[in-house]
Each structure stands twice: as structure tokens, then as C-alpha cells.
Amino acid sequence: MNKELEHSFVELLEEHQNIVHKVCRLYTNNQDAHNDLFQEITIQLWKAYPKFRGDSKFSTWMYRVGLNTAITLYRKSKRSINTYEIESFEFKIKAEEYDDTEEQQLKLLYQAVHQLNDIEKALVFLYLEDKDYREISDTLGISEVNARVKMNRVKTKLKTILNP
Amino acid sequence: MDELELLKKGWKKDDSSYPKLSYNEIYKMILKKSSSIVKWIFVISILEFVFWTLIAFAFKGNKKLQQFEKFDADYIIIPLTVLGYLVLAYFFYMFYKNYRTISVTDNAKVLMENILKTRRTVRHYVAFNLVFLVISTFAGMYIQFDQNQLIIEKAHLAAADGNLLLFYGRIILVTAIFLIGAIAILLFFYWLIYGILLKRLNRNYKELKKLEV
């Protein structure tokens, strides 16, 4: 039984692993920290999996566990604190798909997002993943109105970081 | 274009650029141990319970303190001991109950609240122990003053010289300084460990609470 559970879990996670990578991308600054966080999220997902009833989609459930781990449970390892190695860590973006200015702008944007606090990053993450305000408020435990207000503040904050 | 819209466009394009871990790599990960703060809180909390229980036993085994058995002090010692165990049982039950409610599938705010609630239980237990330590020390001192012949004789001598207040005052002051020192050291370690462990959680919880105002 346990083997079956392990098998179904690993298969599902293998299929949806991008969600975890994306959380790691926003919350860590280097490859080691990325791997650490990925590992911890995987463990938390696995620990919670026996209680996963399937009334929500596996991916929806992953967003919640992934963000909770990143925001609350994960202890940042020393090497990831206050080090900004985004440049070297950025995933290889195929150069031909972007013109220079857009690529440059994106780089700056990612750097700006890394300067946001953990909760703001969660809002941005869910927004980038096309989640509506109901799901954002459900995941974070705040009201929809407050989620909207906070999202607007985050947009303003990003503008300020980019154009000081 | 809105900054976030631009970011979203790039974000979606990057979808295929993430590393792809194999079945076996993921399988190996689920066999590893978690190092989440909940696990640390559990371990440290259990150590705290063990520490305070050991302290109680250490006091029992202490030769100097065994002299209390010769005194007629059961009316103080027995209720204090029973109270100590009852409170330990109560706090341990509360701690375990709160710990069990921590679930990574709750929303972020509820998860943080449950972790903080679990911590609060242990903090209250430690606070109780510190108060208990003070009460026990002064109860012990009272028994000594009341029944230890050596101290009673010294007190008589001091009284004859008119220094009775100074005699009692000195003992109480030294004990108080010792207690304050011990409590300060304990609180310092406490502040250090939990300051580091819960700094991030507290900061994020405050941020979420701030949104409600």
C-alpha cells in the first residue's frame, strides 16, 4: 500500500514539478538554496499526501503546500541569506526569443521581485500563475478585498524599486 | 505595459526552462528528513519539558535538599510537588494537542497561528516553571528559617546584637540575586533560540495581520 502511495505521489510530483521550481525561483537566490527548498517542499508534500483527498486538483494543493513551506516552514540555510546571486542563477533564457531591451527589463523585474517581502512574493507568484483573487485570499488566509489592495501596493512598490 | 504583465509574459515563456528532475531523484527526496521549523520547535519543546523535569529530579536527589525530609514540611512540599506534576501533564497535553493541529495544507495565516499557539503553550510552561522556581525557593527558605536549628540559633545571636533584620535581609538578598541571575541566563538562551527560529515566521505573520487593519 505504502509503495503504491509512494509511486502515485512521485509520478504526480514529477509531472507537476514546475510549480515547486517556480516557488523556489522566487524565494531563493542561488542554486543550493533552490535545491534545499525544493527538497523541503517535496518532503512536506509527501508528508501531507496521505490526507490529500483529491477534492481539489493536485496542482492547487501543491501551490498551498509549496507557498506555506517557503513562507513559514523553511529555515533559510546560511548560504542563502542576504546573498544576491540572481545574475548567475537566472535560468538560461533563449536569447533569440527576446530582444535586448525586453530581456534587460525582465532581468530588472526579477531582481525587483526578489526585493519584495515573503508575503508580497506570494501574491506576485499567485498572480503570475493566473490565480484569481478568491484563490489568492484562500491560500494566504486574507480577505479578497485585502488581497486586491495589497496587490495594488505591490505593483506600486515594484514601480518604485524600478524607478527610484 | 504594466510591469507585472511584462513579468507574466516572461514567466510563461520560461516554463520550459526549469530543471527536470527524474522519478528517481524525486523518490530519493521523499526518503530524506525534514528540517522545517515545526520539526525544530517540536524537538526544542520536548527538550524543554525534559529539562524542567530533570531539574525537578535533580532537586530531589540533592543531598542538601534531602534535609528537608527531616523537617516537618510535608504540608508545603507535597502540594508543590503534586502541583508541579499536574501542571506538567496539563501543558504537555496542550502542547501535543496544538502540535497535532499544525497542518501544512491550512491557509498561510492559520498555519502560522497554529505554530505560534504551540510555541505559546511551551512558553507558558517555562514561565510557570520560573514562577514555580521562585515560589519553591522562598518556600524552602521559609522552612529553613522556621525549622533549621543552626539558622534559628544564628538568628537568635543576630537578634541579641540587634541585627536580626540584617541577618534575614542578607540571606534573602543573596538568594534573590542568585535567582535573578539564573532566570536571566535562561531567558537569554530562550530569546536567542526562538529569536533566530521564529524571526521569519513572526515577521510574515505580522505582515498578514497588518493587511487586516
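Residue numbering restarts at 1 for every chain, and letters A, B, ... go by the order of the sequence lines.
The neighbour count for B/Tyr96 OH, taken as heavy atoms of other residues, nucleotides or ligands under 6.0 Å away, does not exceed 12. For B/Tyr142, the OH atom counts as loosely surrounded, since its 6.0 Å shell holds 12 or fewer non-hydrogen atoms of other residues, nucleotides or ligands. In B/Tyr190, the OH atom is crowded: over 12 heavy atoms of neighbouring residues, nucleotides or ligands sit closer than 6.0 Å.
When heavy atoms are compared at a cutoff of 4.5 Å, B/Asp106 approaches chain A solely by way of its backbone atoms N, CA, C and O. Neither the backbone nor the side chain of A/Met62 has a heavy atom closer than 4.5 Å to any heavy atom of chain B. Contacts between A/Leu158 and chain B at a heavy-atom distance below 4.5 Å involve the side chain alone, from C-beta outward. The part of B/Lys33 that comes within reach of chain A is its backbone (N, CA, C, O), which places non-hydrogen atoms under 4.5 angstrom from that chain. Of the two parts of B/Ile115, only the side chain, counted from C-beta on, holds a non-hydrogen atom closer than 4.5 Å to a non-hydrogen atom of chain A. When heavy atoms are compared at a cutoff of 4.5 Å, A/Gln39 approaches chain B by way of both its backbone and its side chain. For A/Gln17, the part sitting under 4.5 Å from any heavy atom of chain B is the side chain, from C-beta outward, and nothing else. In this structure, chain A has a heavy atom under 4.5 Å from the side chain of B/Leu197, while its backbone stays farther away. Only the side chain of A/Glu120 has a heavy atom closer than 4.5 Å to any heavy atom of chain B. Within the 4.5 angstrom heavy-atom criterion, only side-chain atoms of A/Ile43, from C-beta onward, approach chain B. Heavy atoms closer than 4.5 Å to chain B are found nowhere in A/Leu123, neither backbone nor side chain. Residue contact with chain A, scored on non-hydrogen atoms closer than 4.5 Å, is absent for B/Val110. Interface remark: B/Leu201 contributes side-chain atoms only to the contact with chain A (heavy atom separation under 4.5 Å). With a 4.5 Å cut-off on non-hydrogen atoms, A/Tyr49 does not touch chain B at all.
Interface summary for chain B: among A/Phe9, A/Trp46, A/Phe38, A/Phe52, the most heavy-atom pairs under 4.5 angstrom belong to A/Trp46. The residue among A/Thr139, A/Val149, A/Val113 with the most heavy atom pairs within less than 4.5 Å of chain B is A/Thr139. Between chain A and the residues B/Glu25, B/Arg203, B/Lys28, B/Lys12, the most heavy-atom pairs under 4.5 angstrom are made by B/Lys12. The candidate from A/Asn117, A/Ile142, A/Val145 with the greatest count of non-hydrogen atom pairs under 4.5 Å with chain B is A/Asn117. The residue among A/Lys22, A/Arg153, A/Lys159, A/Lys150 with the most heavy atom pairs within less than 4.5 Å of chain B is A/Lys22. With respect to chain B, the highest number of heavy-atom pairs below 4.5 Å among A/Leu109, A/Val124, A/Leu128, A/Asp138 belongs to A/Leu128.
Residues A/Glu14 and B/Tyr27 fail the side-chain proximity criterion, which asks for heavy atoms closer than 4.5 Å.
Taken to the nearest 0.5 Å, the OG atom of B/Ser17 stands 8.0 Å off from the CG atom of A/Asn18. Atom CD1 of B/Ile30 sits about 4.5 Å away from atom CD of A/Glu6, to the nearest 0.5 Å.
In this pair, B/Tyr18 and A/His21 present their aromatic rings parallel. The plane angle is below 30°, not in the 30 to 60° band.
A donor-acceptor contact shorter than 3.5 Å links the side chain of A/Glu40 to the backbone of B/Ser35.
Taking both residues in full, the closest heavy atoms of A/Tyr74 and B/Arg200 are given as O-NH1, 2.8 Å, listed atom of the first, atom of the second, then distance. Across A/Asn68 and B/Ala108, no two heavy atoms sit closer than the pair OD1-CA, 3.1 Å. Residues B/Lys8 and A/Tyr127 share a closest heavy-atom pair of CE-O, 3.1 Å. Here the shortest heavy-atom pairing between B/Ser34 and A/Gln44 reads OG-NE2, 3.5 Å. Minimum interatomic distance between A/Leu140 and B/Leu208 (heavy atoms only, all atoms of both residues): O-CD1, 3.8 Å.
A/Thr72 pairs in a side-chain contact (heavy atoms from CB on, under 4.5 Å) with only one of the listed residues (B/Asn204, B/Leu111, B/Ile102), which is B/Leu111. Test A/Leu13, A/Leu12, A/Val20, A/Leu45 against B/Ile26 for side-chain contact (heavy atoms from CB on, under 4.5 Å) and you get one pass: A/Leu13.
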